[in-house]
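Side-chain atoms are counted along with the backbone in the values below, which use heavy atoms only and exclude waters and symmetry mates. Chain naming here is simple, since letters A, B, ... match the order of the sequence lines and numbering starts at 1 in each.
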There are 4 protein chains.
Amino acid sequence: MAKKKVPSMVKDQQLIQRRREQMVKGAVALFKQKGFHRTTTREIAKESGFSIGTLYEYIGSKEDVLYLVCDSVYEEVRNRLESLLTNETVGLDRLKQVIQSLFKVIDDMQDEVLVMYQEAKSLPKEALPYVLEKENAMTAIIESAVQTCCKEGHLELSEQEIRMFAHNIMVGGHMWTFRRWSLQKEFTLDEYTSLQTRQLLYGVVQENIKVDEKF
Amino acid sequence: MAKKKVPSMVKDQQLIQRRREQMVKGAVALFKQKGFHRTTTREIAKESGFSIGTLYEYIGSKEDVLYLVCDSVYEEVRNRLESLLTNETVGLDRLKQVIQSLFKVIDDMQDEVLVMYQEAKSLPKEALPYVLEKENAMTAIIESAVQTCCKEGHLELSEQEIRMFAHNIMVGGHMWTFRRWSLQKEFTLDEYTSLQTRQLLYGVVQENIKVDEKF
Amino acid sequence: MAKKKVPSMVKDQQLIQRRREQMVKGAVALFKQKGFHRTTTREIAKESGFSIGTLYEYIGSKEDVLYLVCDSVYEEVRNRLESLLTNETVGLDRLKQVIQSLFKVIDDMQDEVLVMYQEAKSLPKEALPYVLEKENAMTAIIESAVQTCCKEGHLELSEQEIRMFAHNIMVGGHMWTFRRWSLQKEFTLDEYTSLQTRQLLYGVVQENIKVDEKF
Amino acid sequence: MAKKKVPSMVKDQQLIQRRREQMVKGAVALFKQKGFHRTTTREIAKESGFSIGTLYEYIGSKEDVLYLVCDSVYEEVRNRLESLLTNETVGLDRLKQVIQSLFKVIDDMQDEVLVMYQEAKSLPKEALPYVLEKENAMTAIIESAVQTCCKEGHLELSEQEIRMFAHNIMVGGHMWTFRRWSLQKEFTLDEYTSLQTRQLLYGVVQENIKVDEKF
DNA sequence: TATGAATGAGGGTTCATTCAT
DNA sequence: AATGAATGAACCCTCATTCAT
């Protein structure tokens with residue numbers, strides 16, 4: 001699943017990098033306000049700080065902007081997540097830290113994540129597989145943390161259960177953004193993280209809950 | 001939050017009803033293929049079986065179609081869900097049945113639910129509160145089932161925990177559609193329902209899992 | 001070589017016919033001034049007496065206009081030519097009449113013919129074979145007149161010579177338009193017709209010229 | 001009718017000469033594929049082996065390129081033609097040689113000639129008179145050969161007939177390119193030259209044809 | 001009530017030309 | 001003298017909406 005190549009008329013790779021960063025930043029700002037379809041290329045250019053002509057020196061079509069946005073958001077989410085994941089904790093605490101970090105990152109990048117979620121369906125057909133792969137890779141990071149817990153004997157889950165759990169953690173993070181109209185009115189991020197962690201790990205059935213100082 | 005009034009030039013309420021049903025059916029079919037923005041009003045009219053002129057006799061703008069779609073999908077989901085919820089089961093089994101029914105309904109109406117999820121952001125500004133309210137109402141159905149469980153002493157949860165849990169059940173249903181590219185490749189609906197029910201109720205921490213014959 | 005189908009959103013065939021006639025008329029007027037590429041679709045619409053939106057109800061692309069122009073010009077040239085060709089004359093006189101008529105028609109439709117000549121290369125790739133076929137059909141009309149002369153014993157030419165001669169007559173007509181900057185300064189149409197007829201039939205070598213009262 | 005001055009930022013006349021030669025060569029290659037309007041200045045620059053910035057050091061506008069192309073093609077046609085025209089033949093043979101040489105040169109430079117023909121109308125308004133003059137000059141070369149024949153008594157033609165004949169010879173050459181889709185399928189260059197020469201000189205009316213060994 | 005032709009604002013994209021380096 | 005990134009006017013085309021029939 002090769003990275004989709006976004007065409008550019010400009011030769012200087014560093015410049016391409018820089019301009020595309022401006023572009024992604026501008027585009028996210030607009031997409032989160034009005035969505036991909038209601039945002040015009042002219043607006044993207046202006047918000048990015050250059051002319052419409054210049055915009056098209058760095059992309060082949062409007063959809064490429066969306067692709068660059070998604071690509072960049074994934075990259076940043078992963079980088080931030082990995083930088084938060086120290087190796088100091090072990091066992092279930094490790095897992096709790098993963099959840100907490102994920103939620104933190106998503107909270108920090110709410111707009112970006114939301115945009116990605118809501119507009120991904122408008123990606124150019126060829127780009128979709130690549131983006132889904134990125135999403136899988138994200139889930140895999142979580143999955144591997146769960147797997148470690150299993151190997152260390154803190155959890156005893158089947159392969160399927162591990163996959164399911166990883167999905168639930170990811171979605172638990174994402175819903176913080178796409179249901180924010182409700183969740184963020186009811187909970188602070190800390191409350192949300194604490195509650196979700198408990199329900200994810202121990203479920204809701206009474207007697208099973210392990211008291212946990214942290215949460 | 002009053003139901004948004006969709007304007008019509010036609011007097012006969014029954015006719016309006018009938019035409020709008022055709023319209024919603026046609027629109028869903030198109031939206032699930034190409035999304036709201038890429039679908040033209042002409043296409044909607046054609047798919048619905050009448051002319052573009054006639055379409056505009058029953059709506060005020062393209063966005064009204066989306067609103068009608070969302071409204072209709074919510075209504076149908078709720079009706080179907082309620083018709084599945086008999087009062088024969090009690091206690092935790094009752095809750096499990098709610099989850100199972102919800103997932104079943106969502107599976108049956110995948111395309112509609114997905115369309116609603118992905119396009120809701122394009123609703124006319126005035127319609128959004130009403131639709132969010134509908135979403136809240138849906139969550140409230142779940143919430144009330146959870147609450148019943150609490151009152152009956154099967155669960156002991158705070159108000160916040162109840163809300164959180166209801167959200168998680170709803171999202172557990174929805175993710176079956178919006179992550180179907182992954183989930184539906186890995187699980188059948190029954191497997192998914194079974195696994196999710198267990199994780200939702202008992203979490204993943206080993207020793208806590210209550211064996212349950214059904215799931 | 002099927003006639004290229006030009007798409008239209010409008011159902012009424014008569015209306016299509018009428019609008020396309022307006023369109024062709026407007027387009028020819030513009031193309032002869034500024035050429036196909038320098039003429040904008042908006043200008044064509046305006047000159048044709050309707051809006052840009054309406055223009056695109058009757059064509060699929062700008063190139064379709066050019067195709068319609070070419071098609072229409074050929075049709076009219078052929079019709080006019082055929083209506084001029086009575087069956088009263090025979091022998092070489094018949095041939096002279098054909099030449100005279102052809103030149104007359106081309107003179108009448110100078111602008112149209114010139115536009116067709118100069119812009120044909122911009123036709124949509126799929127349309128080119130059809131248009132070349134039309135050109136061949138035109139040449140064939142001439143050719144058949146020549147052939148009749150041969151059969152009747154007034155000329156004795158090989159197949160190749162007949163083809164060549166037909167081409168020369170056709171081009172003799174066309175050059176009246178595409179070299180008009182020179183020819184029409186030096187000759188009137190009658191002079192031109194007279195001179196060309198003589199040179200085409202008898203060449204230039206002195207002693208061979210048959211005195212002909214008419215020319 | 002002065003040669004149009006094409007502006008350049010560069011001082012060194014030799015360099016200008018060299019660069020413009022590259023440019024014309026590149027441009028012809030592109031124009032014959034896609035026509036003048038569909039060729040971009042960037043493409044011309046690239047095909048010529050330098051940058052778009054450099055291109056504009058040697059011309060004032062895109063149309064100047066077309067002018068340079070036309071100018072250069074005329075020059076080369078004339079040079080080649082003159083180099084083919086030895087003074088060894090006399091009388092009608094001289095004329096036949098002129099025709100043969102002209103056709104040969106045009107055949108050798110088909111693409112260039114065709115480009116010039118098809119795109120000349122896009123020349124900058126100020127350049128057109130100069131180019132027409134060149135075309136007249138070309139015709140004059142032929143005309144003078146015809147005139148010589150007359151003076152020597154091999155032909156007896158009026159001034160008008162001479163002009164007409166010269167035009168016919170020129171167009172006889174050009175049509176080899178602009179009707180090549182038909183002519184070059186039916187004839188080899190030699191066949192074409194032979195047939196045309198005969199029809200040009202002796203016409204088609206039977207008894208007049210002088211048998212000629214060469215053709 | 002139903003139709004569908006007409007409209008034109010507005011969108012994505014191109015490309016000739018400029019100018020700082 | 002050479003480069004190529006930047007510019008923005010202008011192009012082709014789409015489509016939501018209207019309105020006369």
Atom [atom1] of [X] to atom [atom2] of [N]: distance rounded to whole Å?
X       : N      : atom1 : atom2 : answer
B:Lys11 : E:dA2  : NZ    : C1'   : 15 Å
C:Ile59 : E:dA5  : CD1   : P     : 16 Å
D:Ile16 : F:dA2  : CD1   : P     : 10 Å
C:Met9  : F:dC13 : CE    : P     : 14 Å
C:Gln22 : E:dA5  : CD    : P     : 15 Å
B:Gln13 : E:dT1  : CD    : P     : 10 Å
B:Asp64 : F:dA16 : CG    : P     : 13 Å
C:Ile44 : F:dC11 : CD1   : C1'   : 12 Å

Pairing of [X] and [Y] as salt bridge, 4.0 angstrom limit:
X        : Y       : value
C:Glu47  : C:Lys25 : no
D:Glu63  : C:Arg38 : yes
B:Glu112 : B:Lys32 : no
C:Glu43  : C:Lys34 : yes

Could you tell me the Watson-Crick or G-U partner of E:dA20, where both distances fall under 3.5 Å? Say none if there is no partner.
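Its partner is F:dT3 (Watson-Crick or G-U wobble, both distances under 3.5 Å).
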What is the base-pairing partner of E:dT13, counting Watson-Crick and G-U wobble geometry with both distances under 3.5 Å?
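Base-paired to F:dA10.
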Pairing donors with acceptors under 3.5 angstrom, does anything connect the side chains of C:Gln17 and C:Glu21?
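A donor-acceptor contact under 3.5 Å links the two side chains.
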Could you check whether A:Asp64 and A:Tyr58, counting side-chain N and O atoms only, form a donor-acceptor pair closer than 3.5 Å?
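Result is no, nothing qualifies.
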Is the charged tip of D:Lys62 near the ring of D:Tyr56: under 6.0 Å from the six-membered ring centre and within 45° of its axis?
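The answer is no; the distance or angle limit is not met.
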In B/S/- notation, 5' to 3', how is nucleotides 14-21 of chain E contacted by protein heavy atoms closer than 4.0 Å?
BSBBB---
Starting the side chain at C-beta, find the nucleotide from F:dG4, E:dA6, F:dA1 nearest to D:Val10.
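Out of F:dG4, E:dA6, F:dA1, the nucleotide with an atom closest to D:Val10's side chain is F:dA1.
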